[in-house]
Amino acid sequence: MATNIMQDNANAIFSQEPASECSTALSQISNDDGQLQTSIGFCQIFIKEEVHDEHDSEDSDNTSVKSKPELPPIYTTSGCVEATEVGVPISDNGDSISPLETSTIPIVTANAKKLHTCEQCSYRTTKIGNLVRHIKRHTGEKPFKCEFCDFKCSTSFNLKAHLRSHSGEKPYICEFCGHKFTLLCNLKVHLRLHSGEKPYSCDFCDYKCMQSGYLNDHMRLHTGEKPYSCDLCDKKFSNSTNLNRHLRRHAGVKPYSCKLCDYKCSQVGHLSNHLRRHSGEKRYSCELCDYKSVHSGALKRHLMRHSGEKPFSCDFCDYRTAYSYDLKTHLKKHARETTL
């Protein structure tokens, strides 16, 4: 009998609809001790005992079974469909959540930020704009164009930096020597000249450098790769700088000139060596004798005298020499012999 009465009361409870004022995602309810309870993310049921008048209980039949106090309606948070058990949390899809599952449900706080990830690599960022710019690296899209030349790029920032090459603006200045740059990254690399910092090192030798591009060019010396080739001859190079210097020879362009004489050349390194002739500076010295030279190449040739190395050999006889110009002189002898 008591079981049937409790079942009828429970059915009545579950048949009632939740109160509208309690269907918010966050609600605070006072318990019997006057403290506030907060319901977040799952359904809770609060049972409140009703106080009956003493006269009503005296008038009731003493032999009848006293029914349980009527339970209030079930208060659920928004997103819950219906309750399954009294006091059991309910997930958004209507399934009951065990206490273990409840403790492991991730909670997104107000300070948490969503990470946007690239589908083609491991790049992550909290800003969608950064991801959009990053994806252009994979697609090769370059929507920003220079109005003065054919330059194209993927970001407006790079376009603004490029426009400084046309305007001559150089806002970044070295505090040690006053040298000016159009890009901040170029200034940072330049500062390594003053600090002596060389963060990039070769895995195969002791080579160290200031820029990653220099290291990439150096690594090709170990691999033998020469991706840059001349269109006018069969010459190939490991970097674009050497190719450009080589192309000046074909074109006869000599942009570097000496201010002390009429000397002109196609490479800035050649001009630096030439200026030492005027100054008398001989920065390259032999460790085995007192020999000094203006050029590093001359020092290398001198060292062959100490080592006895003779890398240049004649194809017509057994003649070998340490110097290429000696080999050229020797080959002229064979040329005269064939003409006789």
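As the structure is a computational prediction, the values presented were derived from the model and not from experiment. Keep in mind that the numbers below use all heavy atoms, side chains included, and drop hydrogens, waters and symmetry copies.
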Could you label the plane-to-plane angle of the His330 and Tyr319 rings as parallel, tilted or perpendicular, counting under 30° as parallel and over 60° as perpendicular?
parallel
Shortest non-hydrogen contact between Asn158 and Phe151, atoms and distance:
O-CE2, 4.2 Å
Nearest 0.5 Å please: distance from the NZ atom of Lys198 over to the CG atom of Leu215.
12.5 Å
Is the His134 ring parallel, tilted or perpendicular to the Tyr123 ring (thresholds 30°, 60°)?
parallel
Joint cluster assignment, Phe157 & Leu163, ILVMFWY side-chain distance < 4.5 Å
no
By the side chain to side chain donor-acceptor pair (under 3.5 Å) test, which pairs, at least two apart or in different chains, include something from residues 210-222?
Gln211-Tyr214, Asp217-Arg220, His218-His222
Is there side-chain contact between Phe144 and Lys136, with at least one heavy-atom pair below 4.5 Å?
yes
Any chance you could measure Thr126, atom OG1, to His116, atom NE2, to the nearest 0.5 Å?
7.0 Å
Shortest non-hydrogen separation from Tyr172 to Leu187 and the atoms involved
CB-CD2, 3.8 Å
Parallel, tilted or perpendicular: which describes the rings of His166 and Phe148, with under 30° parallel and over 60° perpendicular?
tilted
side-chain contact (heavy atoms from CB on, under 4.5 Å) between Lys300 and Tyr284: does it pass, once the steps are laid out?
CA-CA 10 Å; Lys300 290 179 181 178; Tyr284 302 100; over 6 Å; no
Verdict with supporting geometry, Tyr291 and His306, side-chain contact (heavy atoms from CB on, under 4.5 Å)
CA-CA 12 Å; Tyr291 176 83; His306 293 289; over 6 Å; no
With a 6.0 Å cut-off (strictly less than), is the heavy-atom count around CZ of Arg192, excluding the residue itself, greater than 12?
yes
Would a hydrophobic clustering, with Ile, Leu, Val, Met, Phe, Trp and Tyr connected at side-chain separations under 4.5 Å, put Phe204 with Tyr207?
yes
Evaluate whether atom CZ of Arg164 has more than 12 neighbouring non-hydrogen atoms of other residues, nucleotides or ligands under 6.0 angstrom away.
yes
Nearest non-hydrogen partners of Glu197 and Met210, listed with the distance
O-CG, 3.5 Å
Are Leu184 and Phe176 joined in one hydrophobic group, where the rule is that I, L, V, M, F, W and Y side chains link up if heavy atoms are under 4.5 Å apart?
yes
Check against side-chain contact (heavy atoms from CB on, under 4.5 Å), Lys282 and Val294:
CA-CA 4 Å; Lys282 295 182 178 181; Val294 175; 4.0 Å; yes
Kindly determine whether Thr125 and Leu115 satisfy side-chain contact (heavy atoms from CB on, under 4.5 Å), including the steps that lead there.
CA-CA 6 Å; Thr125 180; Leu115 281 178; over 6 Å; no
Count the heavy atoms of every other residue, nucleotide or ligand shown that sit under 6.0 Å from OH of Tyr323, and state whether that count exceeds 12.
yes
For the residue pair Leu243 and Tyr228, what are the closest heavy atoms and their distance?
CD2-CB, 3.9 Å
Kindly state each residue pair satisfying side chain to side chain donor-acceptor pair (under 3.5 Å) with at least one member in residues 234-250, sequence neighbours excluded.
Asn239-Asn242, Asn242-Arg245, Arg245-Gln267, His246-His250
Spacing of Glu281 atom CD and Lys292 atom NZ [to the nearest 0.5 Å]:
10.5 Å
I need the Leu131 CG to Glu119 CD distance, nearest 0.5 Å.
9.0 Å
Compare all side-chain heavy atoms of Met219 with those of Cys202 and state whether any distance is below 4.5 angstrom.
yes
CZ (Arg301) and OG (Ser293) are apart, to the nearest 0.5 Å, by 7.5 Å
List the residues meeting side-chain contact (heavy atoms from CB on, under 4.5 Å) with Lys152, not counting sequence neighbours, and say none if there are none.
Lys142, Lys145
I need the Lys259 NZ to Leu271 CG distance, nearest 0.5 Å.
9.5 Å
Going by heavy atoms in the side chains, are Val253 and Ser266 under 4.5 Å from each other?
no
